[in-house]
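Notes follow the structure.
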Amino acid sequence: MLEPFSILLSAYRGLLADIGECGESVCPDLSTELKSSLIRIDEELGEHSDVPGIARTRCTVDDLLQDWGKKTARHYLDKAGEVKDLLLVMARTAESLGHKDDRYAHQLDSVTAQLKSIASFDDISKMRVSLEESARQLTSSVAQMSAENKSVIDHLRAEVLTYQAKLEKANHLASCDALTGLGSRLWIEARMQRRIEAGSSFSVLMIDIKEFRRVNAEFGRMVGDLLLKEFARELRSSCRLSSLVARWTGVTFLVVLDGAASTANAQAERLRGWIGRPYLIPGRPGHASVRLDASIGCTEYRKGDTVQGILERADAALCIGREPAEQRRTA
């Protein structure tokens with residue numbers, strides 16, 4: 001039986017790991033710095049595993065979270081500022097076009113008035129000189145309008161392309177899990193909603209890796225991250241191209257397949273076949289051979305379902321899969 005302090009220490013380390021995972025969900029761009037700092041704190045606990053050691057890290061964790069929170073706030077303020085900049089550019093461009101119209105309208109009115117005055121001239125030579133001057137003014141005004149308008153349009157086009165690229169990057173970050181490269185939670189839930197609205201038949205597999213904290217504790221979190229990446233790559237390659245694969249939470253993954261539950265159950269059996277194989281991952285002493293085990297819950301879309309309802313059924317099926325075989329037989 002574990003001593004109370006050992007249980008406390010294990011729970012505290014687990015809490016640090018959960019904070020890192022939450023940071024990744026809140027702001028993927030800044031999560032690496034937070035997770036690295038938490039890993040250093042966890043390693044310090046390993047050297048000073050006593051109550052005073054935990055107490056010392058509390059202030060460190062508080063300062064770290066406050067600092068990270070301020071950086072995250074500034075990060076999102078900067079993103080909002082970029083959007084405001086785009087709006088200001090468009091407003092200034094519209095305003096400048098309005099000013100140009102007024103200025104050139106005055107110039108063209110001047111040319112028009114001069115042309116009208118020419119009709120009253122009796123001297124042919126004077127008329128010719130005045131016409132040539134009017135033609136030069138008109139040509140100059142039209143050329144200047146064309147050049148300036150082209151410059152404004154080119155500048156606006158460049159600004160739009162810049163912000164379009166930023167928006168595409170932001171959309172990619174929102175739809176892609178930063179660690180594994182699979183789809184994100186927001187992305188796969190949005191895709192499920194589209195299928196529901198279209199009335200399409202589909203099934204969901206929820207895959208939960210068992211006892212992954214043991215891997216982090218034994219081999220370190222860097223090895224744990226490498227293992228998650230390898231697992232995600234294998235999961236993606238073992239599914240059809242038409243299937244949607246995403247990291248839903250820390251060690252829980254979703255696969256959305258077209259068709260009824262029978263198709264998903266067959267896929268689940270194939271997945272169970274390779275999940276238990278050993279993974280060879282680079283570690284601190286060399287290469288670590290790690291075996292994984294996972295529970296798989298399966299459900300299918302029913303008419304009237306919501307995304308939340310489907311995921312709750314998959315999670316319930318997953319909980320049944322987590323029970324020991326003897327307990328399920330007894331039940």
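Just so we're clear, the structure is a prediction, and the values are computed from it rather than from any experiment.
- Looking at every heavy atom in both residues, Ala264 comes nearest to Leu205 through O-CD2, 3.6 Å.
- At a threshold of 4.5 Å between non-hydrogen side-chain atoms, the residues Leu34 and Thr72 do not count as touching.
- Between Leu182 and the options Leu254, Ile188, Val245, a side-chain contact (heavy atoms from CB on, under 4.5 Å) holds for only Val245.
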Legend entry - Check against side chain to side chain contact (heavy atoms under 4.5 Å, CB included), Ile209 and Val215: CA-CA 11 Å; Ile209 302 176; Val215 175; over 6 Å; no

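- Smallest separation of non-hydrogen atoms from Tyr301 and Ile310: CD1-CD1, 3.9 Å.
- Put simply, NZ on Lys35 and CG on Leu179 are 5.5 Å apart, with the number rounded to the nearest 0.5 Å.
- Evaluation of the salt bridge (Lys or Arg N to Asp or Glu O under 4.0 Å) test over residues 182-196, restricted to residues two or more places apart or in two chains, returns Arg185-Glu189, Arg195-Asp258.
- Legend: ring-ring contact (aromatic ring centres under 6.0 Å, His included) pairs involving residues 239-273, not counting sequence neighbours, sorted by first then second residue: Phe231-Phe253.
- Think of Leu241 as one node in a network of Ile, Leu, Val, Met, Phe, Trp and Tyr side chains linked at under 4.5 Å; it has no links at all.
- Listed by chain and number, the residues in a side chain to side chain contact (heavy atoms under 4.5 Å, CB included) with Ala260 are Ser262, Glu300 (sequence neighbours excluded).
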Inset, instruction - Take Trp274 and Leu235 through the side chain to side chain contact (heavy atoms under 4.5 Å, CB included) test and state the conclusion after the steps. - result: CA-CA 9 Å; Trp274 66 259; Leu235 179 60; 4.1 Å; yes

Inset, instruction - Kindly indicate, with the supporting measurements, whether the criterion side chain to side chain contact (heavy atoms under 4.5 Å, CB included) is fulfilled by Thr306 and Ile196. - result: CA-CA 8 Å; Thr306 62; Ile196 290 173; 5.6 Å; no

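- A distance of 7.5 Å separates CG in Leu257 from OG in Ser242, rounded to the nearest 0.5 Å.
- In this view, Glu230 and Arg233, Glu234, Arg277, Tyr279, Ile281 satisfy the side chain to side chain contact (heavy atoms under 4.5 Å, CB included) rule, not counting sequence neighbours.
- Contacts classified as salt bridge (Lys or Arg N to Asp or Glu O under 4.0 Å) and involving residues 235-257 (residues at least two apart or in different chains) are given here: Glu21-Arg247, Glu24-Arg247, Asp177-Arg247.
- Residues forming a side chain to side chain contact (heavy atoms under 4.5 Å, CB included) with Asp67 (at least two apart in sequence, or on another chain): Lys71.
- No donor-acceptor distance shorter than 3.5 angstrom exists from the side chain of Trp68 to the backbone of Glu33, with no hydrogens or angles considered.
- Atom CG of Asp315 is separated from atom OG1 of Thr299 by 11.5 Å, given to the nearest 0.5 angstrom.
- Listed by chain and residue number, Glu269 satisfy the salt bridge (charged side-chain N to carboxylate O under 4.0 Å, His left out) test with Arg272 (two or more places apart in sequence, or in another chain).
- Between Cys298 and Ala261, the shortest heavy-atom distance links the atoms SG-O, 4.1 Å.
- For Asp225, the salt bridge (charged side-chain N to carboxylate O under 4.0 Å, His left out) criterion is met by no residue, not counting sequence neighbours.
- Within the structure, ring-ring contact (aromatic ring centres under 6.0 Å, His included) pairs that include any residue of residues 175-198 do not occur (at least two apart or interchain).
- Smallest separation of non-hydrogen atoms from Gln267 and Ser238: NE2-O, 3.2 Å.
- Residues forming a salt bridge (charged side-chain N to carboxylate O under 4.0 Å, His left out) with Glu197 (at least two apart in sequence, or on another chain): none.
- Using a 4.5 Å cut-off between side-chain heavy atoms of Ile, Leu, Val, Met, Phe, Trp and Tyr, with links allowed through other members, Met192 and Leu186 fall into different hydrophobic clusters.
- The minimum heavy-atom distance linking Gly259 with Ser203 is given by the pair O-OG, 2.9 Å.
- With values rounded to the nearest 0.5 angstrom, Ile275 atom CD1 is found 5.5 Å from Ile207 atom CD1.
- Partners of Ile39 by side chain to side chain contact (heavy atoms under 4.5 Å, CB included), not counting sequence neighbours, listed by chain and number: Glu43, Arg221, Met222.
- Closest non-hydrogen pair, Leu318 versus Gly297, comes out as CD1-N, 3.6 Å.
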